[in-house]
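These notes are about the structure you will find just below.
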Amino acid sequence: GLANGMFFSGLPEVLNKARIGSLGDFNPLPMPIIFANCLGWLIYGFLKKDVYIASSNAPGLLLAVWYVLTCVRLADAPVAKQVEMAMMVGTAVHIAAAVWCAFCAPSRDAMITVYGALSNVILLGYYGGEPARPNSAIDPMRASLFAASRCLLVVTSIDSRFSSES
């Protein structure tokens, strides 16, 4: 529920940008992070054989692919390159984790721990990311409140993901 709310929260804005044919001042950089986040938690869910974790992240992964493709198509060249680079980095990190899991991990539990930790690091990137439009001024008070609320969300997420393992 909550995960899908996060993934679908950008849908109206991206649909609107697609309709008008331009990103304008919309910041697309969270989209590759949503992709990497959903992919990580989907793999984590598969490794744990947890249908709830896997099924709550599969729709987000599909939506994130659409977000990224749409944003790259609509972005100016420099912004499109940033989104492409973020996708490449996120994908490379997942490939590296998958290679380690496939060839080096001593156990399934180690794989689960690696993907849980990786996915939480990616969440830090998402929750700690800049929500402001690329060309807009940031109000320091709003930014500090935003950062504090994101930190609380990260702590809550980490606690809920790992406390269910014990």
Side-chain angles (χ1 to χ4, degrees), residues 2-15 17-18 21-134 150-151 153-154 157-158 160-162 165:
L2 180 61
N4 285 316
M6 178 179 77
F7 310 141
F8 283 96
S9 66
L11 184 60
E13 185 73 17
V14 177
L15 283 171
K17 297 303 181 184
S22 170
L23 288 182
D25 63 354
F26 179 75
N27 181 5
L29 289 177
M31 303 311 161
I33 298 172
I34 293 172
F35 170 83
N37 174 66
C38 292
L39 181 58
W41 288 118
L42 184 63
I43 293 168
Y44 177 82
F46 289 157
L47 289 170
K48 282 191 63 85
K49 297 183 179 185
D50 187 318
V51 69
Y52 300 107
I53 293 172
S55 65
S56 66
N57 285 281
L61 182 61
L62 291 172
L63 192 58
V65 168
W66 180 79
Y67 284 159
V68 169
L69 292 174
T70 300
C71 288
V72 166
R73 181 174 49 84
L74 298 175
D76 296 333
V79 174
K81 285 192 181 295
Q82 287 180 321
V83 172
E84 290 170 356
M85 182 57 70
M87 278 294 289
M88 293 300 294
V89 168
T91 303
V93 166
H94 278 293
I95 291 170
V99 166
W100 185 86
C101 286
F103 302 110
C104 302
S107 67
R108 185 179 199 84
D109 285 342
M111 293 179 198
I112 291 167
T113 299
V114 164
Y115 259 95
L118 173 61
S119 298
N120 276 298
V121 168
I122 293 167
L123 274 177
L124 286 171
Y126 179 79
Y127 287 135
E130 178 56 56
R133 307 293 190 235
R150 289 279 170 117
C151 286
L153 286 171
V154 168
S157 175
I158 291 170
S160 67
R161 298 278 181 164
F162 285 109
E165 289 182 21

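Fair warning: this is a prediction, and the values are worked out from it, not measured in the lab.
- The shortest heavy-atom contact between I53 and G45 is CG2-CA, 3.7 Å.
- The CG atom of L123 sits 10.5 Å away from atom CD1 of I33, with the distance rounded to the nearest 0.5 Å.
- For Y115, the ring-ring contact (aromatic ring centres under 6.0 Å, His included) partners two or more places apart in sequence, or in a different chain, are H94.
- By the 4.5 Å heavy-atom criterion applied to side chains, T91 and F35 are counted as neighbours.
- What you find for P28 and V83 is that their closest heavy atoms are CG-CG2, 3.6 Å.
- The CG atom of D109 sits 10.5 Å away from atom CG of L47, with the distance rounded to the nearest 0.5 Å.
- Between R73 atom CZ and L23 atom CG the span is 9.5 Å, to the nearest 0.5 Å.
- Here P106 pairs with W100, A110 under the side-chain contact (heavy atoms from CB on, under 4.5 Å) rule; sequence neighbours left out.
- Side-chain contact between W66 and L15: present, with at least one pair of heavy atoms (C-beta onward) separated by less than 4.5 Å.
- Checked by atom type and distance alone, the side chain of N120 pairs as donor or acceptor with a backbone atom of G116 at under 3.5 Å.
- From E84, atom CD reaches atom SG of C71 across 12.0 Å, with rounding to the nearest 0.5 Å.
- A pairwise comparison of heavy atoms in S22 and L74 identifies N-CD2, 4.0 Å as the closest pair.
- The closest side-chain heavy-atom distance from Q82 to L29 is below 4.5 Å.
- Panel note: side chain D76, backbone P78; no donor-acceptor pair is recorded below 3.5 Å.
- Scanning for side-chain contact (heavy atoms from CB on, under 4.5 Å) contacts around V99 gives I95, F103, with sequence neighbours left out.
- Rounded to the nearest 0.5 angstrom, N57 CG and L63 CG are separated by 12.0 Å.
- Contact record, A97 with V114: CB-CG1, 4.5 Å, taken as the closest heavy-atom pair.
- Annotation: side chain of V14 is in contact with side chain of F26 (closest heavy-atom distance under 4.5 Å).
- With rounding to the nearest 0.5 Å, the separation of OH in Y67 from CG in L62 is 12.0 Å.
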